[in-house]
Amino acid sequence: MKKLINDPGAVLDEALAGIAAAHRDLKVDGENKVIARAGGTKVGKVALISGGGSGHEPLHGGFVGLGMLDAACPGEVFTSPVPGQMLAAAQAVDGGAGVLFIVKNYTGDVLNFQMAAELAAEEDITVETVLVDDDVAVQDSTWTAGRRGTGATVLVEKIAGAVAEQGADLAAVAEMAKRVNAASRSFAVALTACTTPSSGKPGFDLPEDEIEVGVGIHGEPGRSREKLRPAKEIVATALDAILADQPLAAGDETIVMVNGLGGTPLIELYVVFHEVATALADKGIVIARNLVGNYVTSLDMAGVSLTVCKADADMLSLWDAPVNTPALRWGS
Amino acid sequence: MKKLINDPGAVLDEALAGIAAAHRDLKVDGENKVIARAGGTKVGKVALISGGGSGHEPLHGGFVGLGMLDAACPGEVFTSPVPGQMLAAAQAVDGGAGVLFIVKNYTGDVLNFQMAAELAAEEDITVETVLVDDDVAVQDSTWTAGRRGTGATVLVEKIAGAVAEQGADLAAVAEMAKRVNAASRSFAVALTACTTPSSGKPGFDLPEDEIEVGVGIHGEPGRSREKLRPAKEIVATALDAILADQPLAAGDETIVMVNGLGGTPLIELYVVFHEVATALADKGIVIARNLVGNYVTSLDMAGVSLTVCKADADMLSLWDAPVNTPALRWGS
Amino acid sequence: MDTDLARTWVQAIAAAVEKHKDHLTQLDSAIGDADHGVNMHRGFSATRMALADYKAETPGAVLVKTGSTLISSVGGASGPLYGGAFRAIGKALETPTTDTRQFAAALAAGLASVQKLGAAAPGDKTMIDAYAPALAAFQQQADAGADFAAAAVAAADAAEEGMRATTPMQARKGRASYLGARSIGHQDPGATSTALIFRALAETVGA
Amino acid sequence: MDTDLARTWVQAIAAAVEKHKDHLTQLDSAIGDADHGVNMHRGFSATRMALADYKAETPGAVLVKTGSTLISSVGGASGPLYGGAFRAIGKALETPTTDTRQFAAALAAGLASVQKLGAAAPGDKTMIDAYAPALAAFQQQADAGADFAAAAVAAADAAEEGMRATTPMQARKGRASYLGARSIGHQDPGATSTALIFRALAETVGA
Ligand SMILES: Nc1ncnc2c1ncn2[C@@H]1O[C@H](COP(=O)(O)OP(=O)(O)O)[C@@H](O)[C@H]1O
Ligand SMILES: Nc1ncnc2c1ncn2[C@@H]1O[C@H](COP(=O)(O)OP(=O)(O)O)[C@@H](O)[C@H]1O
Ligand SMILES: [Mg+2]
Ligand SMILES: [Mg+2]
Ligand SMILES: [Mg+2]
Ligand SMILES: [Mg+2]
C-alpha cells in the first residue's frame with residue numbers, strides 16, 4: 001500500500017487537523033469530529049448536517065459553508081460516524097429551527113443517525129432525516145439493504161442548503177431534499193479497486209482488462225464485471241441504467257454530475273462528459289447545469305459516476321443560489 | 001492501460017468538447033485548440049495566455065476566467081502546444097494592451113511560445129513572456145534545460161491575472177508575474193508513475209515500496225529513488241529542499257499549495273497539509289493563504305507537490321482579488 | 001452472572017477481538033468494506049478503557065456501559081447493533097447476581113434489540129445467524145436446568161455452527177447484500193464476531 | 001536535388017517515421033516523456049497532407065512548407081527544432097535544382113537553425129549529435145566532388161554512428177537532462193529520428 005499518511009489509525013484525526021489549518025471559514029471540533037461553519041448558524045435557520053465514512057472527500061466536510069451544510073460528521077474511513085458526533089454537531093449548529101440529517105442509505109449510517117436523532121430529541125432538538133438512495137446499480141432493493149446513497153448527496157445538500165438559507169422551515173427543507181433525491185439517479189463504473197489505509201489491500205481484484213460496472217463508493221460490487229471498453233460505451237451503459245429507472249423525455253431539464261472516484265484524471269472526466277452531453281442531446285434532454293470533477297470519491301479508485309437529476313425550475317434556481325464551501329463555490 | 005477514453009489520439013479533441021459543453025463561461029475554439037473567456041477581453045486590459053501539454057488538468061484551461069487567464073492553449077498530452085495555437089489565442093484575446101505569455105520552462109514550451117511571439121509580433125500584437133521555473137528538484141541548472149515550471153504556475157496566473165484585471169499595463173503585469181515566480185519554489189514526490197494514453201505504459205517503474213523524490217509533472221525523474229516513508233518525513237524532505245533554496249525567516253508570510261498529482265485522495269492531501277502547517281509553524285513561518293487539492297496534475301500519478309511562495313502584501317491582496325474560473329473561484 | 005464475571009467477559013471479548021481483528025477484516029473485505037475487525041477493535045479498546053475506572057454494582061451496569069461505549073466508538077452497522085444488544089442485555093440484569101434463566105432472558109432482549117434495529121431475519125447472513133442459535137441453545141440448557149457454564153458452552157458451540165452456516169447463505173441485509181448471489185461462499189464477519197462473543201462467555205464462566 | 005526529389009524525400013521520411021514510431025516513443029519513454037514517435041508521426045502525417053495539394057516550383061518551397069507544417073503540428077521540442085531546420089534548408093534551395101555543394105550549404109543552414117533555437121552543443125545528447133556528423137560527412141563528400149547519392153549515403157552512415165554515440169552521453173539539453181547521470185546508457189530519440197531523416201535522403205537519391 002502506498003499512501004501519503006503517517007499511521008493508518010491516525011488518518012482521520014490528521015486530515016481533520018489539515019482541514020482546520022486550511023479553511024478559515026470552517027471550525028473543526030477535533031474531539032467530537034465535527035466540521036462546522038466558523039460563523040455558526042443564523043438564529044432561525046434550519047441547520048443541515050450530513051456525515052458518513054471518510055474517504056469520499058470532498059464529501060462531506062468540503063460542502064460545509066454558506067448555502068450548503070452547517071456541519072459534517074466524518075467517520076473513520078468507510079465507517080459510519082457514531083451518534084455522539086451527530087449529537088455534538090446538532091448541539092453546535094441548531095439555530096432553533098431544527099436540524100435536517102442528510103443520510104446516505106447504508107445500514108451503518110442509517111442506524112447511527114437514527115440513534116443520534118433519538119439522542120437529539122432528548123435534548124429538545126427537532127430532527128428530520130432524509131435518506132439519499134440514488135444508486136440504480138442496486139436492483140431488487142427488497143432483497144438488499146436498499147439503494148446506496150452516492151452522487152445525489154451533493155445535489156441534495158446544495159439544493160436543500162439553498163432553500164434553508166432562504167429561510168424555509170424544517171418541513172420545507174426536508175421536503176425539498178426528498179424531492180431532489182427522488183429526482184436523481186446515479187451509476188458508477190470502476191476501473192480499479194480502492195485501498196483503505198487500515199486494510200492496506202485493494203478491496204477487490206480487477207484484472208487489467210476488466211471493469212466493475214455499477215460499483216459502490218466503498219468498492220461494493222456492482223451489477224457485473226465486464227471487459228474494459230471505450231468511454232462512449234461505458235457512458236451508454238450508465239445512462240441506460242439511469243434512464244431505464246427514470247425515463248426522461250425530450251425537453252426535460254437536468255442537472256448532470258460526472259464525478260471522478262478519486263484516481264481518475266480530470267481530462268478523462270471531460271471526455272466522459274462530452275459523451276454524456278452528446279448522448280443526452282441526441283434524446284433532446286437538456287443539461288441545464290453540470291458538475292465535472294471529484295465530488296464523491298472512493299479514495300484512490302479510478303472510475304467515474306454519473307448522476308442525472310431531473311430538475312424543475314425551483315431546483316435550478318436553488319442550484320444557482322450562492323454557495324461558499326471549500327469544494328463548491330459560486331454566486332455572492 | 002485503463003482509461004476512460006475512446007481513442008488515445010482523440011483525447012484532447014474530446015476533452016475540449018467536454019470542456020466546451022461543461023462551461024458556459026468559456027469559449028472553446030476546437031479548430032485552433034484555444035480555450036478563452038466567453039466574454040472576450042475588455043479593451044485596454046492586458047491579456048494573459050498560458051498553455052502547455054495536456055494531462056495537467058485543471059491547468060491551464062481550468063484557470064481561464066475573470067481574474068486569471070484570458071486564454072489557454074492545450075497541447076497534446078505532455079506535448080507543448082504549437083505556435084499557431086498561441087497566435088490564434090493572442091489574436092482572439094488581445095485587448096489592445098498587449099499579451100503576456102506565461103510559459104512553464106520546458107524546451108518544447110519555450111521554443112513554441114517563442115515562435116508564437118515572433119508570429120504575434122508580425123501581426124502587431126505586443127507580447128511579453130514570463131518563464132515559470134520553480135521546481136527546486138532540478139539541481140545544476142547550467143547542466144540541464146533549467147528548472148522546470150510546476151505548481152508556481154497557478155500562483156503566477158492568479159496574481160498576475162488579478163493585477164491585469166486592475167488595469168496594470170503589460171510591463172507591470174509581466175513584472176508581477178516574474179516577482180511571483182521568483183518568490184516561489186516547488187518540490188514533488190511520486191508514489192506511482194503516470195501513464196499517457198499514447199504510450200499506454202507507466203512512464204517509469206517504481207517498486208511497491210519506493211517513491212520518486214523530486215519528480216517532474218511529466219514523470220521526469222527526480223533527485224533520487226527512495227523507500228516509501230511516512231507523510232511527515234516526505235514533507236520534511238520537500239520542505240528542506242525548498243527552504244534550502246530559498247530560506248525563510250520567522251514571521252515571513254507565505255502562500256502554500258499542497259497539490260495532488262492526479263491519483264492521490266484528497267484526504268491524504270489534508271494529512272500532508274497538516275504536516276506542512278506544523279513544520280512551518282515550528283519555524284514561525286506564516287501560511288497566510290493556501291490551496292489544497294488537484295491543481296497541476298500529472299494524469300493518474302499518485303503523489304503530491306508542495307509549493308511555497310514568499311508573499312508580500314501586494315501578492316496577498318492580489319491573491320484575495322476575485323477570481324472566477326472553473327478551478328479557482330472566490331470573491332465577487 | 002455477577003459484576004466481576006461481566007467485566008471478565010467483556011475483557012475476554014476484547015482480547016478475542018484483538019486476536020482475530022485481521023481475520024474479521026479479511027472476511028469483511030470479501031463481502032463488505034474491510035473494516036469489521038478495525039471497527040470491533042476500536043470499540044472494545046474503548047470499552048476496556050471505559051470500564052477501567054467505572055464503578056458498577058451490577059453485571060447489568062457493566063454491560064450497559066459496554067453497549068454505550070460501543071455505540072459511541074464503533075460506527076458502521078455493527079456499532080449500533082452490538083451496542084444496542086449489550087445495552088438491552090445489561091438492562092435486563094439489574095440485580096447483583098443472576099441465574100441462568102435470567103441471563104437467557106437478557107440474551108433474548110439483546111437479540112430483540114438487534115432485530116428491531118436492523119430488521120434482519122435469520123437466514124439473511126448477519127450476526128443474527130450466530131446469535132439466534134446461540135440464544136436457543138442457551139435457553140434450552142437453562143430450561144433443562146443446566147448450569148451457567150454448560151449453557152454458555154452450548155451457546156458458543158451453536159454460535160460457531162451458525163457462523164459456519166452463513167457461508168452458503170446469500171446476504172439480504174447490510175453491505176454484503178449488494179453482492180447478491182456473489183455473497184454466497186463467504187462467512188459473514190458479523191456472525192463471526194458474534195461467535196467470538198459467545199466463546200468468550202463460555203471461556204469466562206468455565207475458567 | 002530537384003522539386004520531385006524533395007517531395008520524395010519528405011514522403012520517405014514520413015514512411016520511416018510511421019514505421020519507427022513506436023521505437024522512437026520507446027526511446028523517449030526511457031529518458032523523456034514518451035511522445036517523440038507520436039510527435040513525429042503527427043508532424044509528418046500533416047506534412048504529407050499539406051504537400052499533397054501544394055504546388056511547388058523549387059525543392060526549397062517543398063522543404064519550407066514541410067518545416068512550417070512541422071512547426072504548426074508537432075509541438076514539443078522537436079517541432080520547432082525540425083520545423084526551423086527544414087525551413088532553413090528550404091530557404092537555401094531557391095533554384096529548381098541544386099547541386100551537392102549547394103545542398104551541403106542548405107543542410108548547414110538547417111543545423112545552424114537548430115543550434116540557434118535550442119542552444120545545444122555537440123555532446124549534449126540531442127539530435128545535433130546525429131545531425132552534425134551527418135552534415136560533416138556530406139560536406140566532406142561534396143568538397144571531394146562526390147555525387148549527391150554518395151554524399152547522402154555518407155551522411156546517413158555518419159548520422160547513425162552519431163545516433164549510436166549518444167548512448168553513453170549524459171544529456172544536457174531537453175527533457176532528458178533532468179535525468180543527469182541516469183540519462184547515460186540510453187540512445188537519444190531525437191538523434192534517432194535525425195538518423196531516419198538522413199537515411200531516407202540516402203534511399204531517396206539512391207533509388
Ligand atoms: N441489518 C442488519 N442486521 C443485523 N446484522 C447486520 C445488519 N447489517 C449488517 N449486519 C452485520 O454487520 C456486519 C458488518 O459490520 P461492520 O463491517 O462493522 O459494519 P459496516 O457494514 O457498516 O462496515 C455484517 O457482517 C453483519 O453481520
Ligand atoms: N535544446 C535542444 N537542442 C536540440 N535538440 C533538442 C533540444 N532539446 C531537445 N532536443 C531533442 O528533442 C528530442 C525530444 O523531442 P520530443 O520528444 O518530440 O519533444 P519533448 O522533449 O518536448 O517531448 C530529444 O531527444 C532531443 O534530441
Ligand atoms: Mg464500514
Ligand atoms: Mg513532450
Ligand atoms: Mg464493514
Ligand atoms: Mg518527448
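A note on names: the letters A, B, ... follow the listed sequences, proteins ahead of strands, and every chain is numbered from 1.
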Item checked: Results of side-chain contact (heavy atoms from CB on, under 4.5 Å) for A:Ser198 - residues two or more places apart only -> A:Thr196, C:Val38
Next item on the list: Of all the heavy-atom pairs spanning C:Val74 and A:Thr79, show the shortest one and how long it is.
Entry: O-CG2, 3.6 Å
Notebook entry, point to check: Do you know which two heavy atoms are closest between A:Ser199 and C:Thr25, and how far apart they sit?
Noted result: CB-CG2, 4.3 Å
Next item on the list: Anything in residues 210-227 of chain A with a heavy-atom distance to chain C below 4.5 Å? Please list those residues in order.
Entry: A:Glu212, A:His218, A:Glu220, A:Pro221, A:Gly222, A:Arg223, A:Ser224, A:Arg225
Notebook entry, point to check: For C:Gln102, does the CD atom have more than 12 heavy-atom neighbours from other residues, nucleotides or ligands under 6.0 Å away?
Noted result: yes
Next item on the list: Mark yes when over 12 heavy atoms from residues, nucleotides or ligands other than C:Glu57 sit less than 6.0 Å from its CD; otherwise mark no.
Entry: no
Note to self: Between C:Gly174, C:Ala120, C:Ala30, who has the most heavy-atom pairs with chain A when the cutoff is under 4.5 Å?
What the structure shows: C:Gly174
Notebook entry, point to check: Measuring heavy-atom distances to chain A, does C:Ser78 have an atom under 4.5 Å in its side chain, in its backbone, in both, or in neither?
Noted result: neither
Item checked: Close contacts, residues 102-117 of chain A versus chain C, judged by heavy atoms under 4.5 Å -> A:Asn105, A:Tyr106, A:Thr107, A:Gly108, A:Leu111, A:Asn112, A:Gln114, A:Met115
Note to self: Using heavy-atom distances under 4.5 Å, tell me whether A:Gln85 contacts chain C through its side chain, its backbone, both, or neither.
What the structure shows: neither
Next item on the list: First locate atom CZ of A:Phe78, then atom CG of C:Asp33, and finally report the distance between them rounded to the nearest 0.5 Å.
Entry: 7.5 Å
Item checked: side-chain contact (heavy atoms from CB on, under 4.5 Å) partners of C:Lys65, counting only residues at least two apart -> C:Ala50, C:Leu51, C:Tyr54, C:Thr69
Item checked: Residue among C:Asp28, C:Asp22, C:Leu179 with most heavy-atom pairs under 4.5 Å to chain A -> C:Leu179
